[in-house]
Amino acid sequence: MPQLLILPGSLRQGSLALALAHAAGRMAQAQGATVRLFDLRALNLPVYDGDIEFGTGIPESTGQLIDAIVEAEAVLIVTPEYNGFPTPLVINAFDWISRTKTGPQRPAGLDATNGKPVGLLSASPGPLGGLRSMNFLRAYLQMAFQMVVSPRQYALSRADQAFDDQGEIKDAKAKAAVEGTIQSLLKLAAALKA
Ligand SMILES: Cc1cc2nc3c(=O)[nH]c(=O)nc-3n(C[C@H](O)[C@H](O)[C@H](O)COP(=O)(O)O)c2cc1C
């Protein structure tokens with residue numbers, strides 16, 4: 001069973017991205033994946049600062065995220081859009097990863113992310129569904145982390161009206177698009193593994 005690591009870009013109560021991450025996780029399970037939904041907020045990472053890096057050092061909790069990425073066969077990032085960008089929660093966590101170096105404990109930095117398949121979803125109450133944020137995220141993950149970003153992505157627009165009481169996506173077309181995005185990611189992961 002492929003292991004899918006899901007990273008929501010928001011974990012606030014009532015987060016639309018988190019709701020989409022949960023719905024996507026259930027779909028991935030239905031497609032045969034084992035799913036780990038990871039709480040980036042729980043890492044308590046400070047905003048990147050060189051004085052921290054060269055003072056107290058890279059926060060230990062960065063290693064938890066690296067281990068989760070290394071263990072997973074594919075990563076799915078589900079982000080809201082802040083002023084056209086992915087959230088600082090996502091970018092800051094990856095910026096910290098980029099400062100780590102492979103050691104006896106674990107592969108790190110590019111050794112942890114290079115060649116790892118990653119899929120993208122976004123959610124927003126707006127009409128574009130956070131689409132612009134994914135385009136920046138795609139470039140960032142490819143360029144700086146050498147991740148293999150799945151060509152298929154999906155932006156869930158009007159996300160504040162998208163879910164039913166069970167947290168499922170109401171609109172059949174939107175649901176099929178999320179399922180298709182996951183399917184493409186899992187197919188990519190299987191092809192890279194082979
Ligand atoms: C700082 C900030 C900037 C935002 N910028 C955008 C934006 O560029 N595009 C958009 O569609 N929504 C934008 N929004 C609205 C968010 O999409 C909305 O608050 C969403 O619910 C946040 O995601 P979450 O529910 O997963 O926490 C912004 C919200 C905040 C707080």
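One-based numbering, in listed order, for ligands and for the atoms of each.
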**Request:** Looking only at protein heavy atoms, identify the closest one to atom 2 (C) of ligand 1 and say how far it is in Å.
**Result:** Tyr82 CD2, 3.7 Å
**Request:** Would you indicate which of Ser157, Pro80, Pro125 comes nearest to atom 17 (O) of ligand 1 when only heavy atoms are counted?
**Result:** Pro125
**Message:** So for ligand 1, is Gly126 a polar contact partner (N or O within less than 3.5 Å, distance only)?
**Reply:** no
**Prompt:** Is the shortest distance from a heavy atom of Asn83 to ligand 1 less than 4.0 Å?
**Reply:** yes
**Prompt:** Within 4.0 Å of atom 12 (N) of ligand 1 (strictly less), any protein heavy atom?
**Reply:** yes
**Message:** Show the nearest heavy-atom pair for residues Leu188 and Pro117, with the distance to one decimal.
**Reply:** CD2-CB, 4.0 Å
**Prompt:** With respect to atom 6 (C) of ligand 1, which of Glu81, Gln13, Arg132 exhibits the smallest heavy-atom separation?
**Reply:** Glu81
**Request:** Can you see which heavy atom on Leu131 is nearest to which on Glu81, and at what distance?
**Result:** N-OE1, 3.7 Å
**Message:** Within the 4.5 Å heavy-atom criterion, are Leu43 and Phe38 side-chain neighbours or not?
**Reply:** yes
**Request:** May I ask you to list the atoms of ligand 1 that are less than 4.0 angstrom from any heavy atom of Ala17?
**Result:** 26 (O)
**Complete:** The atoms of ligand 1 lying under 4.0 Å from a heavy atom of Arg12, numbered in the order shown, are 21 (O), 24 (P), 25 (O), 27 (O)
**Asked** If you measure from atom 26 (O) of ligand 1 to every heavy atom of Ser15, Ser124, Gly9, which option wins on shortest distance?
**Response** Ser15
**Request:** Show which residues join Leu16 in its hydrophobic cluster (side-chain heavy-atom contacts under 4.5 Å, direct or indirect), or state none.
**Result:** none
**Prompt:** How are the rings of Tyr140 and Phe94 set to each other: parallel, tilted or perpendicular (split at 30° and 60°)?
**Reply:** perpendicular
**Complete:** Closest heavy-atom pair, Leu40 versus Leu11, reported as atoms and distance to 0.1 Å, is N-CD1, 3.8 Å
**Message:** Tell me whether Gly130 has any N or O atom under 3.5 angstrom from an N or O of ligand 1.
**Reply:** no
**Asked** Between Phe85 and Arg132, is any pair of side-chain heavy atoms under 4.5 Å apart?
**Response** no
